[in-house]
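Have a look at the structure below, then the notes.
All values reported here derive from a predicted model rather than from experimental measurement. For ligands, and for the atoms within them, numbers begin at 1 and follow the listed sequence. Along the sequence shown, residues carry numbers from 1. Because only heavy atoms are used, hydrogens play no part in the values below, and waters and symmetry mates are left out as well, while side chains stay in.
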Amino acid sequence: MLFQQKAPQNITLDPERIPTHIAIIMDGNGRWAKKRLLPRKAGHKAGADALERIIKDCQQLGVKHLTVYAFSTENWKRSQEEVDAIMDLLRQYLKNYFKKFLDDNIRMDVIGEIHRLDQDIQDSIREIEELSKTKDGLSVHIALNYGGRDEIRRAVCKIAKEIEDGNLTATSITEDVISMHLDTANVPDPELVIRTSGEERISNFLLWQIAYSEFCFMDTLWPDFDRACLEEAIYYYQNRERRFGGR
Ligand code: IPE
Ligand code: IPE
Ligand code: MG
């Protein structure tokens, strides 16, 4: 359900109940560009700038994990021109700008099947992950060539291999064992999932991890998403009753 009701003007967040993990489906870059008669590429650039701001806002609000959907396993279906533009932007960000976050104690890693990405991009990802692995501020997880079904498929392959090697038995596969074989092993499930641009679907994002997440679908196009939007989403989250199947 989209929010018909406006959040109160001066939102007061409960600092004790800021979600530990927020996941965002950053959607609407193309429509943002179209509204301005700009190429889609310009929308992706504006989207990357919005991400830079939101990372800082999450850090300031005390969020511990931020997972952002940057490129899905289905996004390869887009025109070669658009895929190239997104990859170039990514390349640029990985090489220059993400490193600036190291000074802010931010940790970065990538979830998804990165082997399909160009070698230089893979190298930059590994470098950033290595350089930031000791940081203990906000952890930013970037979903790249990520699909929830593909992640589960890869986890099943890893588990099958361990059984083949005699290191695991079928009856010892618990939910925790499955979680530990996902790309998000050791990351708590997101309490809050935000999707921008008015679409109300999951599009193959974190299928296993969102079992009990709260959802906030917002009309704002991703490049326009700002601190006020983030606080509004957290405000709605804080006003929900989470039951987990109990009463
Ligand atoms: C999200 O914006 C970014 C990616 C999927 C890479 P879109 O490019 O999907 O923007 P819309 O949905 O066309 O507006
Ligand atoms: C989801 O957005 C993927 C990302 C934001 C990276 P899409 O725009 O690709 O999703 P659909 O096609 O509208 O479901
Ligand atoms: Mg889209």
Side-chain angles (χ1 to χ4, degrees), residues 1-2 21-55 58 65-94 97-98 108-118 121-122 124-125 140-154 182-184 187 190 192-210 213 215-226 229-230 233:
M1 189 186 75
L2 288 176
H21 184 177
I22 298 179
I24 307 183
I25 303 176
M26 309 183 289
D27 198 13
N29 294 350
R31 278 162 282 172
W32 183 93
K34 193 171 177 197
K35 264 178 45 185
R36 288 164 179 75
L37 307 177
L38 293 168
R40 292 182 65 83
K41 185 180 164 176
H44 295 308
K45 170 75 180 74
D49 294 341
L51 175 59
E52 175 180 4
R53 297 191 298 268
I54 290 303
I55 288 175
C58 282
H65 295 273
L66 171 69
T67 302
V68 289
Y69 207 4
F71 194 85
S72 74
T73 45
E74 286 72 37
N75 287 147
W76 298 105
K77 292 183 209 156
R78 297 191 179 195
S79 71
Q80 191 62 47
E81 189 192 354
E82 182 171 356
V83 171
D84 288 346
I86 294 172
M87 291 301 154
D88 276 345
L89 206 54
L90 178 64
R91 190 172 266 118
Q92 229 174 292
Y93 272 71
L94 283 166
Y97 144 89
F98 282 155
M108 300 204 108
D109 60 31
V110 167
I111 60 168
E113 169 56 284
I114 70 160
H115 297 110
R116 189 166 169 189
L117 305 173
D118 285 349
I121 294 183
Q122 291 184 42
S124 298
I125 290 170
V140 180
H141 314 285
I142 303 174
L144 276 179
N145 188 28
Y146 175 89
R149 287 188 173 183
D150 182 63
E151 180 190 36
I152 293 170
R153 179 194 65 78
R154 286 184 287 107
L182 295 172
D183 298 346
T184 50
V187 177
L192 172 63
V193 178
I194 300 169
R195 182 170 189 151
T196 57
S197 89
E199 308 298 342
E200 298 182 52
R201 54 178 171 265
I202 295 304
S203 302
N204 204 8
F205 190 43
L206 302 178
L207 298 180
W208 175 273
Q209 299 87 342
I210 58 174
S213 303
F215 287 85
C216 189
F217 296 108
M218 304 177 92
D219 282 335
T220 310
L221 300 173
W222 173 252
D224 293 327
F225 193 85
D226 61 9
C229 299
L230 179 67

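Protein heavy atom in closest approach to atom 14 (O) of ligand 2: S203 OG, 2.6 Å. At the shortest separation from atom 7 (P) of ligand 2 among protein heavy atoms lies R78 NH2, 3.8 Å. For atom 10 (O) of ligand 1, the closest non-hydrogen atom of the protein is G30 N, 2.9 Å. For atom 5 (C) of ligand 2, the closest non-hydrogen atom on the protein side is M26 O, 3.5 Å.
Here the side chain of E151 pairs no donor or acceptor atom with the backbone of L182 at under 3.5 angstrom. Side-chain N or O atoms of R31 include one that pairs as donor or acceptor with a backbone N or O of S197 at under 3.5 Å.
Minimum interatomic distance between D219 and G198 (heavy atoms only, all atoms of both residues): OD1-CA, 3.7 Å. Smallest separation of non-hydrogen atoms from G43 and W32: CA-CE3, 3.8 Å. Across T196 and D27, no two heavy atoms sit closer than the pair OG1-O, 2.7 Å. Contact detail for I202 and F215: the closest heavy-atom pair is CD1-CE2, 3.2 Å. When all heavy atoms of I121 and M87 are compared, the pair lying nearest together is CD1-O, 3.8 Å.
Residue contacts with ligand 2, taken as heavy atom pairs separated by less than 4.0 Å, do not involve F205 at all. Proximity of A70 to ligand 2, defined as any heavy-atom pair under 4.0 Å, is confined to the backbone N, CA, C and O atoms. Of the heavy atoms in K34, none comes closer than 4.0 Å to ligand 1. At a 4.0 Å heavy-atom cut-off, ligand 2 does not touch K77 at all.
Of all atoms in ligand 2, numbered sequentially from 1 with element shown, those under 4.0 Å from a heavy atom of R201 are 11 (P), 13 (O), 14 (O). Residue-ligand proximity, Y69 to ligand 2, at heavy-atom distances under 4.0 Å covers atoms 3 (C), 4 (C), 5 (C), 6 (C). Within the listing of ligand 1, atoms 6 (C) sit less than 4.0 angstrom from a heavy atom of I86. When each atom of ligand 2 is checked for a heavy atom of F71 under 4.0 Å away, the hits are 6 (C).
Within the set E199, E74, R195, the minimum heavy-atom distance to atom 1 (C) of ligand 2 is found for R195.
Nearest N/O/S atom of D27 relative to the Mg ion (ligand 3): this is OD1.
For the pair E113/T73, no side-chain contact is recorded, criterion being any heavy-atom separation below 4.5 Å from C-beta on. Residues V83 and N75 form no side-chain contact, since every pair of their non-hydrogen atoms from C-beta on lies 4.5 Å or further apart.
In this structure, G28 counts as a contact residue of ligand 1, since one of its heavy atoms falls inside 4.0 Å of the ligand.
For E52, the CD atom sits in a packed shell: over 12 heavy atoms of surrounding residues, nucleotides or ligands are nearer than 6.0 Å. Surrounding CZ of R149 are at most 12 heavy atoms belonging to other residues, nucleotides or ligands under 6.0 Å away.
The CG atom of N29 sits 10.0 Å away from atom CG of D224, with the distance rounded to the nearest 0.5 Å.
Checked by distance only, ligand 2 and D27 come closer than 3.5 Å through their nitrogen or oxygen atoms. Close N/O approach between N75 and ligand 1 is not found [any backbone or side-chain N/O within under 3.5 Å]. By the 3.5 Å distance cut-off applied to N or O atoms, N29 is counted among the residues near ligand 1.
For atom 12 (O) of ligand 2, no protein non-hydrogen atom is found at a distance below 4.0 Å.
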